[in-house]
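Data first, discussion second: the structure below is written as structure tokens.
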Amino acid sequence: MKNVLTIAGSDSCGGAGIQADLKTFSAHGVFGMSVITAVTAQNTQGVFGVQDISGEIISKQIQVIFEDIMVSAVKIGMVSQIETINAIADELIKYKAENIVLDPVMVSKSGFHLLKKDAKEALINRLLPLAKIITPNIPEAEVIANMKIRDISDMEKAAEIISGMGPRNVLIKGGHLEIDAIDVLYDGKNMKHFETERIQTNNTHGTGCTLSSAIASNLALGYTIYDAVKLAKEYITVAIRHSFPIGKGVGPVNHFYSLYKRAGVNIGE
Ligand SMILES: Nc1ncnc2c1ncn2[C@@H]1O[C@H](COP(=O)(O)OP(=O)(O)OP(=O)(O)O)[C@@H](O)[C@H]1O
Ligand SMILES: Cc1ncc(CO)c(N)n1
């Protein structure tokens, strides 16, 4: 069994954050572990409150896991504030953590700032260089690359700029463009596109968290970056296609579609 760690925020409604990550790990047959950076009071309609966890207890959580258990991959999601970022960077460097997937979460789909504005520099300076792959969506890539992204050619330019900031691979997710769902992967040499048709649904809560956790799982299982992204893209596409109309807002994706199908669970198809 491979052990995979998520360092991220809790989403009380279970569609994004730590909860999405652990579901994704389980769906991939890896053992999921979690370091919680913040607790959000969140549902499908928005984020209504946040309590950050102290840097001290974040460090402690990371330390006790690495002192005890072999960690094959680490996914980083919501990191809230500078204190959190420094604690994570210090510990991951100390333990020489490998296969770090950085999802640079900034603003939720509902528009809530999950990363404090003064923490962007710290995220870029301290966490980007540690990442095997960084997975920004379009608005996040615009902030990190400091440019406007309107089309695929802009995504490629931004990927090149971000690649120069330290991460070994950059995946810019195209979920926020109007066109098909095209993601751009740049490994420092080659540009690859992962393209699927846009699924017409409102239920895309947690897509980014799920994709990055699927990549981390696949890296832990020994896949190359290219295959890890390709398989993760296939997984998120199925999860979106069979997403759940739960709640009054943006519903969650279906992390266990294949399992439910095999078990004959009625998921309303
Ligand atoms: N409607 C859709 N149909 C098909 N694929 C989609 C759709 N929306 C997003 N995707 C895919 O889902 C993945 C996540 O992309 P997205 O841009 O939504 O991430 P995100 O904004 O970080 O998500 P979140 O912040 O909600 O976790 C990408 O592979 C993207 O192409
Ligand atoms: C806790 C948490 N992490 C990440 C996201 C993704 O936007 C979210 N909505 N909530």
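Ligands are counted one by one from 1 in listed order, and the atoms in each one are counted from 1 as well. The figures that follow rest on heavy atoms only: side chains count, while hydrogens, waters and symmetry mates do not.
- Considering backbone and side-chain atoms together, Lys173 places an N or O closer than 3.5 Å to an N or O of ligand 1.
- A salt bridge links Glu91 and Lys94; the closest N-O separation between the charged side-chain nitrogens and carboxylate oxygens is under 4.0 Å.
- No side-chain heavy atom of Asp154 sits less than 4.5 Å from a side-chain heavy atom of Lys148.
- Proximity of Leu114 to ligand 2, defined as any heavy-atom pair under 4.0 Å, is confined to the side chain (atoms from C-beta onward).
- When hydrogens are left out, the protein atom nearest atom 9 (C) of ligand 1 is Gly175 CA, 3.6 Å; that is the closest non-hydrogen contact.
- Against a heavy-atom cut-off of under 4.0 Å, Lys109 is close to the following atoms of ligand 1: 18 (O), 23 (O), 24 (P), 26 (O).
- Looking from atom 9 (N) of ligand 2 to the surrounding protein, the closest heavy atom is Gln42 OE1, 2.8 Å.
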Query raised in the report: Which is it for Lys230 and Asp227 under the salt bridge (Lys or Arg N to Asp or Glu O under 4.0 Å) test, yes or no, and what are the steps along the way?
Result: CA-CA 5 Å; Lys230 184 170 175 283; Asp227 286 341; 5.7 Å; no

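- Note that the CD1 atom of Ile62 and the CG atom of Leu5 stand 7.0 Å from one another [nearest 0.5 Å].
- Residues Tyr186 and Glu160 have side chains in contact (heavy-atom distance under 4.5 Å, counting atoms from C-beta outward).
- For ligand 1, the polar-atom distance check against Ile199 finds a nitrogen or oxygen pair separated by under 3.5 Å.
- Distances between N or O atoms of Val107 and those of ligand 1 include no value under 3.5 Å.
- In terms of polar-atom proximity, defined here as any N/O pair under 3.5 Å, Gly208 does make such a contact with ligand 1.
- Between Lys233 and ligand 1, an N or O atom pair is found at a separation short of 3.5 Å.
- Taken together through direct or relayed side-chain contacts under 4.5 Å among Ile, Leu, Val, Met, Phe, Trp and Tyr, Val71 and Leu219 form parts of separate hydrophobic clusters.
- Remark: ligand 1 and Asp183 share an N or O pair separated by less than 3.5 Å (distance only, no angle test).
- With a 6.0 Å radius and a threshold of 12 heavy atoms from other residues, nucleotides or ligands, Gln45 has its CD atom above the threshold.
- Between the side chains of Lys23 and Ser213, no donor-acceptor pair of N or O atoms lies under 3.5 Å.
- For Glu67 and Tyr95, the side-chain atoms include at least one donor-acceptor pair closer than 3.5 Å.
- Residue-ligand proximity: Glu197 is placed with a non-hydrogen atom under 4.0 Å from ligand 1.
- Using a 4.0 Å cut-off between heavy atoms, Thr135 makes no contact with ligand 1 at all.
- The distance from ligand 1 to the heavy atoms of Asn137 drops below 4.0 Å at these ligand atoms: 17 (O), 20 (P), 21 (O), 22 (O).
- Two residues are said to be in side-chain contact when any heavy atoms from C-beta on lie closer than 4.5 Å; Thr6 and Asp103 fail this criterion.
- At a 3.5 angstrom cut-off on N or O pairs, Ser10 does not count as close to ligand 2.
- Counting the atoms of ligand 1 from 1 in the order shown, those under 4.0 Å from a heavy atom of Gly206 are 26 (O), 27 (O).
- Ligand-side atoms of ligand 2 in range of Cys209: 4 (C), 5 (C), 6 (C), range being under 4.0 angstrom from any heavy atom.
- In terms of protein heavy-atom proximity, atom 5 (N) of ligand 1 is closest to Ala181 CB, 3.3 Å.
- Taking hydrophobic clusters as Ile, Leu, Val, Met, Phe, Trp and Tyr residues chained together by side-chain heavy-atom distances below 4.5 Å, Val143 does not share a cluster with Leu171.
- Gly9 O, 3.5 Å is the protein heavy atom nearest to atom 1 (C) of ligand 2.
- Not a single N or O atom of Thr196, backbone or side chain, sits closer than 3.5 Å to an N or O atom of ligand 1.
- Any N or O atom pair closer than 3.5 Å counts here, and Thr201 shares no such pair with ligand 1.
- Of all protein heavy atoms, the one closest to atom 6 (C) of ligand 1 is Ile240 CD1, 3.4 Å.
- Nearest non-hydrogen protein atom to atom 21 (O) of ligand 1 is His176 NE2, 2.6 Å.
- A donor-acceptor contact shorter than 3.5 Å is absent between the side chain of Ser10 and the backbone of Val39.
- Nearest-heavy-atom check against atom 2 (C) of ligand 2 across Gly46, Ser80, Ala38, Gly17 picks out Gly17.
- Cluster annotation: Ile134 is connected to Ile85 through the hydrophobic network of ILVMFWY side chains, with a link wherever side-chain heavy atoms come within less than 4.5 Å.
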Query raised in the report: Val30 and Ser72: side chain to side chain contact (heavy atoms under 4.5 Å, CB included), yes or no, with the steps?
Result: CA-CA 10 Å; Val30 298; Ser72 295; over 6 Å; no

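- The nearest heavy-atom contact from the protein to atom 18 (O) of ligand 1 is Thr207 OG1, 2.9 Å.
- Checking Gly15, Ser212, Cys13, Ser108 against atom 7 (O) of ligand 2, the nearest heavy atom belongs to Ser108.
- The cluster map of Ile, Leu, Val, Met, Phe, Trp and Tyr, joined by side-chain heavy atoms under 4.5 Å apart, puts Tyr223 and Phe194 in different clusters.
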